[in-house]
Amino acid sequence: MRRKKGFWALGVALLVFCPLGFGASGQEKYVTYLSLADYTGPIAGLNVPADSGLEDFFKDLNDRGGVDGVKIRFLGVDTRYDVARGVSAYKRYRTEHKLVLVNAISTGIGKAIAPLTDRDKIPQLVPGDGEFQAKPGRVFTWGTCYQDAFAATIDWILEDWKAKGKSALPKIGYISWDNPYGREPLRGGKEYAEKVGVTLLPPEFFPPGTLDHSVWLTRLANAGADYIIIGGVDPTPTNILRDAHKMGLTAKIQFVDATFWGPDETVGIKAHPEATEGAVICVYYLRGKEAREHPLAKRIWQKYRGRPIEEMGSTYATGMIWGLDLEAALKIALKEVGYEKLDGEAVFKAYMKLGGGDHRQGLAGNCTYGPQSRRGSDMVKFYRVQGGKLVPITGWRKAPDAVSLHKF
């Protein structure tokens, strides 16, 4: 496992230094995509497969001639999930040839470079920060906003509670990283809990990199939590479940990951199948077998990875969502301004025309980008870990608008 992760990280990171020969002749038409990624830090377990999927998608697209003859150069930088490194990397690469899109892999990095990308008129992608929906600018969320998914999770909890024959409303705990990402779901999520009348226990936050979560779990258990919503990026959610399982909590408390990056079959579930069993995950994209069997993801994996499809992590397909969005936006921008005038501003305007399109090919819920919307989607889906696999327990469902409940 360690060797494979290192190999994938190295393969993606090398793209920074080996940009596929773009621009060598001075004649090839191309644009640059910058990923401020994490290949060796706390979220590498999911980010490396995601960027690998995106890298392979761009290779496939370029092999087919690109978008109207314009190819996409992927530029990945390992920020190690560190805000200062992310800002430094953006400043270093902001003048790359026709840089038209920047993907900040963390909430903290996204917020830090937003004033810079706005100044440079370059659109930016961020995980799920609702503030960018509340204050529309040049920043787009990958999918559903974190607080909307948190609210959708509360709705699912109430349905599950009722299905179990319970009458009084449940007590819900929340535990996640002590950073902007960990706190974002509550900026609107807390207000939604109050709106529907459920008791949201005081949240528990721990530093990224924490090895044992028993102290925070004990407080939530002693407070009478019936459900505990967990955050972090796998393997962190898995490690929370591991500790909860050791404490006997998973047998009496339902754990739910509401912020998309919970246990994956090739990361946490593989390492701790017994502890993750029964956990529920809320996502805006396909997971597990549904992701592996998606025609596009399956074809590209087999073309470029040459390994058993069972080794494909769910986020490999997630990276293709970013690529499909950019491909669709480039088609619009090239038609409107042509290659010579193609820049970040043209791509930004094109992104605002993607809403309602079917270009994502079912890898994620509906695309909702628009003039007043920076949400990537307003749909979520729930999976449960069963027998070491992620099994869908709902179809796509619309998430509540919790962003509008918070005063940013």
Side-chain angles (χ1 to χ4, degrees), residues 31-37 77 79 83-84 86-96 98-150 179-181 183-189 191 259-260 284 321-322 325-326 328-330 332-333 336-337 341-357 364 366-378 399 401-408:
V31 298
T32 301
Y33 169 102
L34 175 61
S35 175
L36 300 178
V77 182
T79 70
V83 173
V87 173
S88 177
Y90 176 73
K91 290 181 177 179
R92 178 178 179 182
Y93 294 107
R94 55 179 288 275
T95 59
E96 290 294 311
K98 287 193 178 292
L99 177 61
V100 296
L101 188 63
V102 179
N103 192 348
I105 205 65
S106 86
T107 298
I109 294 175
K111 291 181 183 296
I113 70 168
L116 306 179
T117 55
D118 185 63
R119 176 200 63 192
D120 296 337
K121 296 185 177 181
I122 296 175
Q124 183 196 163
L125 302 180
V126 293
D129 322 340
E131 183 172 350
F132 295 115
Q133 168 63 23
K135 301 176 180 179
R138 287 185 172 82
V139 184
F140 299 85
T141 67
W142 299 343
T144 314
C145 294
Y146 284 139
Q147 39 274 90
D148 295 348
F150 190 91
N179 67 359
Y181 152 74
R183 295 178 181 277
E184 186 67 24
L186 297 179
R187 302 206 299 168
E191 289 87 341
T259 53
F260 317 140
Y284 68 87
I321 300 169
W322 304 328
D325 284 348
L326 180 55
L330 285 176
I332 296 172
E336 293 185 345
V337 303
K341 294 183 179 180
L342 183 65
D343 57 11
E345 182 68 8
V347 171
F348 164 65
K349 292 179 179 178
Y351 260 76
M352 291 192 290
K353 297 179 180 180
L354 295 182
N366 61 326
C367 180
T368 53
Y369 293 144
Q372 300 303 318
S373 174
R374 301 299 180 265
R375 280 189 181 93
S377 178
D378 60 5
D401 175 12
V403 171
S404 63
L405 300 178
H406 186 74
K407 294 181 180 180
F408 289 89

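The chain is numbered in sequence order, starting from 1. Here the structure is a predicted model, which is why all the values come from computation and not from measurement.
- Ala149 meets the side-chain contact (heavy atoms from CB on, under 4.5 Å) test with Phe260, Cys282, Val380; sequence neighbours excluded.
- Sorted by first and then second residue, the salt bridge (charged side-chain N to carboxylate O under 4.0 Å, His left out) pairs involving residues 348-357 (not counting sequence neighbours) are Glu336-Lys353.
- In this view, Val87 and Val83, Lys91, Ala112, Ile113, Leu116 satisfy the side-chain contact (heavy atoms from CB on, under 4.5 Å) rule, not counting sequence neighbours.
- Under the side chain to side chain contact (heavy atoms under 4.5 Å, CB included) rule, Val126 has a single partner from Ile109, Thr141, Thr107, which is Thr141.
- Every residue was checked against the side chain to side chain donor-acceptor pair (under 3.5 Å) condition with Ser373, not counting sequence neighbours, and none meets it.
- Evaluation of the side chain to side chain donor-acceptor pair (under 3.5 Å) rule for Thr79 yields no partner, not counting sequence neighbours.
- Within the model, atoms CG of Leu125 and CG of Asp325 stand 7.5 Å from one another, a figure rounded to the nearest 0.5 Å.
- The minimum heavy-atom distance linking Phe408 with Ala134 is given by the pair CD1-CB, 3.4 Å.
- Partners of Ser106 by side chain to side chain donor-acceptor pair (under 3.5 Å), not counting sequence neighbours: none found.
- Of all heavy-atom pairs between Tyr146 and Pro185, the closest is CB-CG, 4.0 Å.
- The side-chain contact (heavy atoms from CB on, under 4.5 Å) search around Glu96 returns Thr32, Arg73, Leu75, Tyr93, not counting sequence neighbours.
- Qualifying salt bridge (Lys or Arg N to Asp or Glu O under 4.0 Å) partners for Arg374, counting only residues two or more places apart in sequence or in other chains: none.
- Under the rule for a ring-ring contact (aromatic ring centres under 6.0 Å, His included), the partners of Tyr351 that lie at least two apart in sequence or sit in another chain are Phe140, Tyr369.
- The CG atom of Asp129 sits 12.5 Å away from atom NZ of Lys135, with the distance rounded to the nearest 0.5 Å.
- Taking all atoms of both residues into account, the shortest heavy-atom contact from Ala350 to Ala329 is CB-O, 3.3 Å.
- The shortest non-hydrogen separation linking Pro127 to Ala104 is CD-O, 3.4 Å.
- Of all the heavy atoms in Phe132 and Ala114, the pair that sits closest is CE2-CB, 4.0 Å.
- Residues Trp142 and Ile105 have side chains in contact (heavy-atom distance under 4.5 Å, counting atoms from C-beta outward).
- With a 4.5 Å cut-off on side-chain heavy atoms, Tyr90 and Leu36 count as touching.
- One N or O on the side chain of Thr368 and one on the backbone of Arg375 form a donor-acceptor pair closer than 3.5 Å.
- Applying the side-chain contact (heavy atoms from CB on, under 4.5 Å) rule to Arg183 yields the partners Asp178, Phe205; only residues at least two apart in sequence or on another chain are considered.
- Across all their heavy atoms, Ala346 and Ala333 have their closest contact at O-CB, 3.9 Å.
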**Report entry** Tyr33 vs Val100, side-chain contact (heavy atoms from CB on, under 4.5 Å): CA-CA, chis, key distance, verdict
**Finding:** CA-CA 6 Å; Tyr33 169 102; Val100 296; 6.0 Å; no
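- Put simply, the side chain of Asp148 does not reach to within 4.5 Å of the side chain of Asp378, judged on heavy atoms.
- The salt bridge (Lys or Arg N to Asp or Glu O under 4.0 Å) check on Asp120 picks up Arg94, with sequence neighbours excluded.
- Here the side chains of Leu342 and Leu330 are in contact, with some heavy-atom distance below 4.5 Å.
- When each of Gln133, Glu184, Arg187 is paired with Gln147, the side-chain hydrogen bond (donor to acceptor under 3.5 Å, both in side chains) condition holds for Glu184 and for no other.
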**Report entry** Worked verdict on Ile332 versus Leu354 for side-chain contact (heavy atoms from CB on, under 4.5 Å)
**Finding:** CA-CA 9 Å; Ile332 296 172; Leu354 295 182; 3.9 Å; yes
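- Between Phe150 and Thr259, every side-chain heavy-atom pair lies at or beyond the 4.5 Å cut-off.
- Every side chain to side chain donor-acceptor pair (under 3.5 Å) that Lys111 has, sequence neighbours left out, goes to Glu131.
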